[in-house]
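Read the structure below first, then the notes.
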Amino acid sequence: MNEKKIILGIETSCDETAVSIIEEDKKGKIKILSNVVSSQINIHKEFGGVVPELAARSHVEKIDLIAKKAIDESGLDLSDVSAIASTYGPGLVVCLTVGLNFGKALSASLNIPFIGVNHLEGHALSPKLSTNLDFPYLLLLISGGHTQYLSVNGLGKYKRLGTTIDDALGEAFDKIAKLLGIEFPGGPKLESFAKNGDANKFKLPKPIINKGGCNLSFAGLKTAILRISSTVKSNQEKYDLAASFQKTIEEILEIKTQIAFDEFKKISKMKSKTFVIAGGVAANKGIRKKLIKICKKNDFRPIFPEPKLCGDNAAMIALVGLEKYKIKKFDNLDLPASPRLPLDERAKFLKGAGVRF
Ligand code: KG4
Ligand code: ZN
């Protein structure tokens with residue numbers, strides 16, 4: 001195995017076509033040589049959400065160009081690459097298949113190892129691209145499709161402590177933004193809307209706040225906002241509703257994170273006091289501020305990926321590929337796409353399962 005390890009990562013699980021090349025030098029230092037992300041927002045905007053068939057078609061049209069750009073920007077040649085890593089789940093099966101097949105074809109033609117990567121593991125390890133981070137640590141994964149507290153015990157070793165039983169947090173942000181007339185994807189814009197509003201104007205519910213451990217629920221909150229939004233007329237009232245939602249989310253996360261800290265302290269036997277917050281919603285400044293505050297109170301070290309690495313990207317996929325490459329954990333070229341791939345395989349699927357606490 002070369003001393004220098006160079007991994008080409010591919011990500012097409014949803015609406016971003018992304019290719020990245022990272023390198024680990026002889027001293028174990030990781031460098032992102034290129035990180036190209038092409039968003040499909042303009043394609044899906046008019047539909048108010050991601051249309052799988054259109055997303056897959058766009059991946060097919062763009063993947064070669066994005067890969068070429070990533071190779072050019074890295075200053076390397078394809079022959080320098082040590083292994084190919086592609087996301088194989090979770091995500092939209094028609095989208096996953098594009099990046100997966102492209103990665104397999106590259107690996108076969110270059111005669112180098114192929115590595116399938118769990119997209120969520122990419123988010124989970126993403127801060128390692130810019131920070132020193134040792135296992136174990138507590139992770140809050142907040143993205144468009146997932147909301148989970150996990151104990152991250154090592155590569156591929158996850159114990160889920162809590163999860164949403166209905167909507168993911170990013171999904172809740174996007175749906176509520178839509179109700180307020182904000183263009184898709186509304187999450188980031190909802191946050192700036194909220195800055196102009198009175199956060200105490202509307203009292204909103206905090207579902208399962210006193211039960212269910214650090215499991216979460218956002219459906220009731222969404223319904224409450226749906227009811228209120230039909231009576232909201234002025235822009236100021238919309239800002240107030242956005243601000244009240246943002247504040248409620250911060251309070252929910254403060255309470256549930258305290259529970260997660262207590263559970264994690266018990267299982268990790270105080271070996272770690274590191275708290276990683278990853279996924280697209282980790283870019284939310286109000287949530288960051290609140291979580292930093294609760295970390296201080298509990299003497300935890302908060303770690304966020306760089307903002308540009310919070311959302312979907314292929315550098316995080318290449319990173320997991322690198323870790324697997326080092327232990328020679330390669331996959332065969334018949335690896336199928338796995339749309340519901342979990343992080344903790346032993347944890348029960350609760351989303352939409354009608355769970356009652
Ligand atoms: O991790 P990600 O890029 O894709 C998934 O794997 O789902 O997360 C995308 C989600 C979207 O729902 C988006 O609206 C949300 O992250 N998001 C935000 C913010 N930035 C992105 N939500 C709230 N506040 C933000 N600043
Ligand atoms: Zn993601």
Side-chain angles (χ1 to χ4, degrees), residues 9-18 20 35 37-41 44-45 48-50 52 55 86-92 95-96 99 117-127 129 139-148 150 163-164 167-180 182-195 218 221-222 225 242-243 245-250 252-253 276-291 304-320 339-343 351:
I10 301 167
E11 158 61 38
T12 62
S13 66
C14 190
D15 60 343
E16 259 99 22
T17 315
S20 166
N35 186 21
V37 181
S38 169
S39 164
Q40 301 177 356
I41 285 177
H44 303 292
K45 213 158 49 182
V50 177
S86 287
T87 303
Y88 76 105
L92 300 165
C95 293
L96 289 165
V117 172
N118 182 326
H119 175 88
L120 303 178
E121 186 151 42
H123 280 301
L125 303 196
S126 58
L129 286 164
L139 168 70
L140 170 59
L141 176 61
I142 34 180
S143 69
H146 298 268
T147 299
Q148 300 180 8
L150 296 132
T163 181
T164 178
D167 291 348
L169 187 51
E171 190 183 355
F173 264 94
D174 292 340
K175 284 181 180 165
I176 284 156
K178 200 171 172 184
L179 285 178
L180 296 179
I182 303 173
E183 225 174 34
F184 171 83
K189 287 177 215 140
L190 181 63
E191 191 187 4
S192 40
F193 237 61
K195 286 197 188 103
F218 302 108
L221 175 56
K222 188 182 63 193
I225 293 187
F245 169 70
Q246 168 79 32
K247 178 174 174 247
T248 306
I249 292 297
E250 288 172 18
I252 291 172
L253 290 181
V276 170
I277 304 97
V281 189
N284 184 291
K285 293 196 187 70
I287 291 176
R288 280 184 177 229
K289 225 162 123 190
K290 187 63 116 189
L291 294 174
F304 297 89
E306 280 180 48
K308 70 170 191 298
L309 296 174
C310 280
D312 287 348
N313 65 85
M316 67 183 193
I317 304 305
L319 172 72
V320 178
R340 284 189 156 193
L341 187 68
L343 268 181
K351 189 172 167 174

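Every number for a ligand or one of its atoms is a count from 1 in the order of the listing. Source: prediction; values computed, not measured. We're numbering straight along the sequence, starting at 1.
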Check side chain to side chain donor-acceptor pair (under 3.5 Å) between Glu250 and all other residues, then give those that pass, not counting sequence neighbours. Gln246
Going by the order shown, which atoms of ligand 1 are within less than 4.0 Å of some heavy atom of Gly170? 12 (O)
Applying a heavy-atom cut-off of 4.0 Å, say which part of Glu16 lies close to ligand 1: side chain, backbone, both or neither. neither
Between Asp312 and His123, does the side-chain contact (heavy atoms from CB on, under 4.5 Å) criterion hold? Intermediate values first, please. CA-CA 8 Å; Asp312 287 348; His123 280 301; 3.0 Å; yes
Which of Leu341, Leu150, Leu141 passes side chain to side chain contact (heavy atoms under 4.5 Å, CB included) with Leu120? Answer is Leu141
Could an N or O of ligand 1 be found under 3.5 Å from any N or O of Gly280, whether backbone or side chain? yes
Contact between ligand 1 and His146 is defined here as a heavy atom of the residue under 4.0 Å from a ligand atom; is it met? no
Stepwise, does the salt bridge (charged side-chain N to carboxylate O under 4.0 Å, His left out) test hold for Lys189 with Glu183? CA-CA 8 Å; Lys189 287 177 215 140; Glu183 225 174 34; 3.8 Å; yes
Closer than 4.0 Å to some heavy atom of Gly145 - which atoms of ligand 1 meet that? 7 (O)
So for atom NZ, which belongs to Lys195, do other residues, nucleotides or ligands contribute more than 12 heavy atoms lying within a distance under 6.0 Å? yes
Mark yes or no for whether Thr87, through its side chain, and His119, through its backbone, hold a donor-acceptor pair below 3.5 Å. no
In this structure, CZ of Phe173 is separated from CG of Asp167 (nearest 0.5 Å) by 12.5 Å
Among non-hydrogen protein atoms, atom 2 (P) of ligand 1 lies closest to Asp312 OD1, 3.5 Å
heavy-atom search around atom 26 (N) of ligand 1 in the protein gives Glu191 OE1, 3.0 Å
Verify side-chain contact (heavy atoms from CB on, under 4.5 Å) between Lys290 and Leu253, making sure each step is shown before the conclusion. CA-CA 8 Å; Lys290 187 63 116 189; Leu253 290 181; 5.9 Å; no
In terms of heavy-atom contacts, Phe184 and His44 come closest through CE2-CB, 4.0 Å
Below a 4.0 angstrom heavy-atom separation, can you tell me which part of His123, side chain or backbone, both or neither, approaches ligand 1? side chain
Pair Glu11, Ser13: side-chain N/O donor-acceptor within cut-off below 3.5 Å: yes
Atoms in ligand 1 with a heavy atom of His119 nearer than 4.0 Å: 6 (O)
Which heavy atom of the protein is the closest neighbour of atom 24 (N) of ligand 1, given with residue, atom name and distance? Asn284 ND2, 3.0 Å
Below 4.0 angstrom from a heavy atom of Gly311, which ligand 1 atoms are there? Numbered from 1 as shown, please. 3 (O)
For atom 15 (C) of ligand 1, closest protein heavy-atom neighbour: Val281 CG2, 3.9 Å
Taking both backbone and side-chain atoms of Gly144, is any N or O found less than 3.5 Å from an N or O belonging to ligand 1? yes
Once you restrict to heavy atoms under 4.0 Å, what part of Asp174 touches ligand 1? Side chain, backbone, both or neither. side chain
Check against side-chain contact (heavy atoms from CB on, under 4.5 Å), Met316 and Leu125: CA-CA 7 Å; Met316 67 183 193; Leu125 303 196; over 6 Å; no
For the pair Leu92 and Cys14, evaluate side-chain contact (heavy atoms from CB on, under 4.5 Å) and give the outcome as yes or no after the intermediate values. CA-CA 6 Å; Leu92 300 165; Cys14 190; 4.3 Å; yes
Polar protein atoms (N, O or S) that approach the Zn ion (ligand 2) to under 2.8 Å: His119 NE2, His123 NE2, Asp312 OD1
Donor-acceptor check, side chain of Asn118 to backbone of Pro342, threshold 3.5 angstrom: yes or no? yes
